[in-house]
Number of protein chains: 2
Amino acid sequence: MNIQLAERVKCSECPIRHRAVCARCDDDEIEMLDKIKSYRSFTAGETISWRGDELSHVSSVVHGIATLSKTLDDGRMQMVGLLLPSDFIGRPGRTTLDFDVVAASDVTLCSFERKPFERLLAETPHISQRLVEMAMDELDAARDWMVLLGRKTAREKIATFIQMLVQRSHVDGTDLPDLALPLTREEIASYLGLTLETVSRQLTQLKKEGVIAFSDRRKFTVTDHAALLDATGDDADGGVIV
Amino acid sequence: MNIQLAERVKCSECPIRHRAVCARCDDDEIEMLDKIKSYRSFTAGETISWRGDELSHVSSVVHGIATLSKTLDDGRMQMVGLLLPSDFIGRPGRTTLDFDVVAASDVTLCSFERKPFERLLAETPHISQRLVEMAMDELDAARDWMVLLGRKTAREKIATFIQMLVQRSHVDGTDLPDLALPLTREEIASYLGLTLETVSRQLTQLKKEGVIAFSDRRKFTVTDHAALLDATGDDADGGVIV
DNA sequence: TTCATCTCTTGATCTGTGTCAAAGCGGGCA
DNA sequence: TGCCCGCTTTGACACAGATCAAGAGATGAA
């Protein structure tokens, strides 16, 4: 992965500063963070952290996509979160996670050593507050996802997923004509509580209807935003999942 | 509901102190909390707060059961949380919730006025920290529930739900021979992403198999803990949902 | 280039759970 | 006491999505 870039980036010029932990830090605090910071890279498919591993770092995603997933005894798998650039891994006061973190694409993390980070946290209420806000946002997203998993049809799930991608790319300022579909059909299925065959069929269906168009199996454009929104099953305005 | 009790209770003698916001407060802090505190009662079926309502209070549940639920346009409903005694409603830095809060039974809340509570929070890092921990626990629970909703069979859902009830009652020290099933079949269905008919059939099935026994439609005993655990689909040890 | 491998698509069939319907409680109220 | 109404159970049937299976594209290595 792009090590040169990773090593070049400083927290003070972090591309994801607007959402990351350092969002509201002053220069002194940034300097403190810089001291305990390093960039770590993972290649697609690599496991960043196994369920139950002791965590030495807390991290922000700089680029790439990582997944959080849980597995039942018999191998059934459910993704419980998707980490896009600017998302945070790790939590104050806990040293382990109850799910696997896997790099879905090549990933670069901006990592902070856990112990000094927590000391800094204790002295810097606004970073702490920022983490609470992020946890609350995650909780909201998890609850929206519960509605999706519990009540939505396959078609609605797919539409909601695409809508979420569209929205996230707007936020991150990369509103390209072609959106990258960053996951395999199987990973999407795992996220949506479906099988890969159903995902494939529903994507084909939306393509046939002219709602989306593929330039490549992993790249697509939304050609009918209204129809897509309609297919999500959410209220026209609300139902925004971040 | 039991107003006499509600008015008699003081925070310093709060039955739920071990998990509530005041868990680690010293006497001065308890006194501060007492000043901005009141008890509020709701009768079964009453809506405590509608989605989007401005919140004047943050609260802990003292007794009774409340549900958090979300509704899609066409009326499909998904419960996204269950509040048992000692659970907390409200969040720092936000004045609205994105779901309805409904009293499933008669409910008493220990409520704090939001604004003074937030001022207190700013000055009292350990209460703030306690809230972060609670948010993290909720997030863990939400993620376990995502696995349930996305991957488990109806039978596993029911078994997991009962297992959760058993565990929660242990924690709260009310390990009675008969557990109260605090919700209607419809509410259970809403929590588990099922229909009420399926819930009824699965409960009947577990009864037939001798896993649980009913003394009343709303009261039951687990007669075969091993079989119940086995039916949850979780690992023998892990998979604890709180 | 060709082969091997992985991902995706499409078809045929099966099945768990939803839907629709009717009847059985059981508690509260007149 | 008896009726009513909300909750629950049970049955018959339908269907969305899972499962099983085959083959078509891609991608990358030799």
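Basis for what follows: all heavy atoms, side chains included, without hydrogens, waters or symmetry-related copies. So you know, we letter chains A, B, ... as the sequences are listed, proteins then strands, and number each from 1.
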Value rounded to 0.5 Å, distance of CG in A:Leu192 from CG in A:Leu148: 6.0 Å

Bounds of contact between DNA chain C and chain A, in 5' to 3' order, using a heavy-atom cut-off under 4.0 Å: C:dT7 to C:dA12

Short side-chain to backbone donor-acceptor contact, B:Arg151 and A:Met77, under 3.5 Å: yes

Value in whole Å for how far the P atom of D:dC7 lies from CG of B:Leu196: 10 Å

Sugar-phosphate, base or nothing in reach of A:Leu194, heavy atoms under 4.0 Å: sugar-phosphate

Any donor-acceptor pair under 3.5 Å from B:Trp145 side chain to A:Arg143 backbone: no

d(NZ, A:Lys157; P, D:dA16) in whole Å: 14 Å

Side chain A:Gln78, main chain A:Ser190, donor-acceptor under 3.5 Å: yes

Minimum-distance nucleotide (side-chain atoms of A:Gln202 versus D:dG17, D:dT9, D:dG11): D:dG17

A:Tyr191 and A:Phe161 aromatic ring geometry - parallel, tilted or perpendicular at 30°/60° bounds: perpendicular

B:Arg185 side-chain N/O to D:dG6 phosphate OP1/OP2 under 4.0 Å: no

Touch class at under 4.0 angstrom, heavy-atom based, for B:Arg151 against every strand present: nothing

Touch class at under 4.0 angstrom, heavy-atom based, for A:Gly45 against every strand present: nothing

Phosphate-side-chain proximity, A:Thr195 and D:dA18, N/O vs OP1/OP2 below 4.0 Å: yes

Side-chain N or O of B:Thr184 closer than 4.0 Å to phosphate OP1/OP2 of D:dC7: no

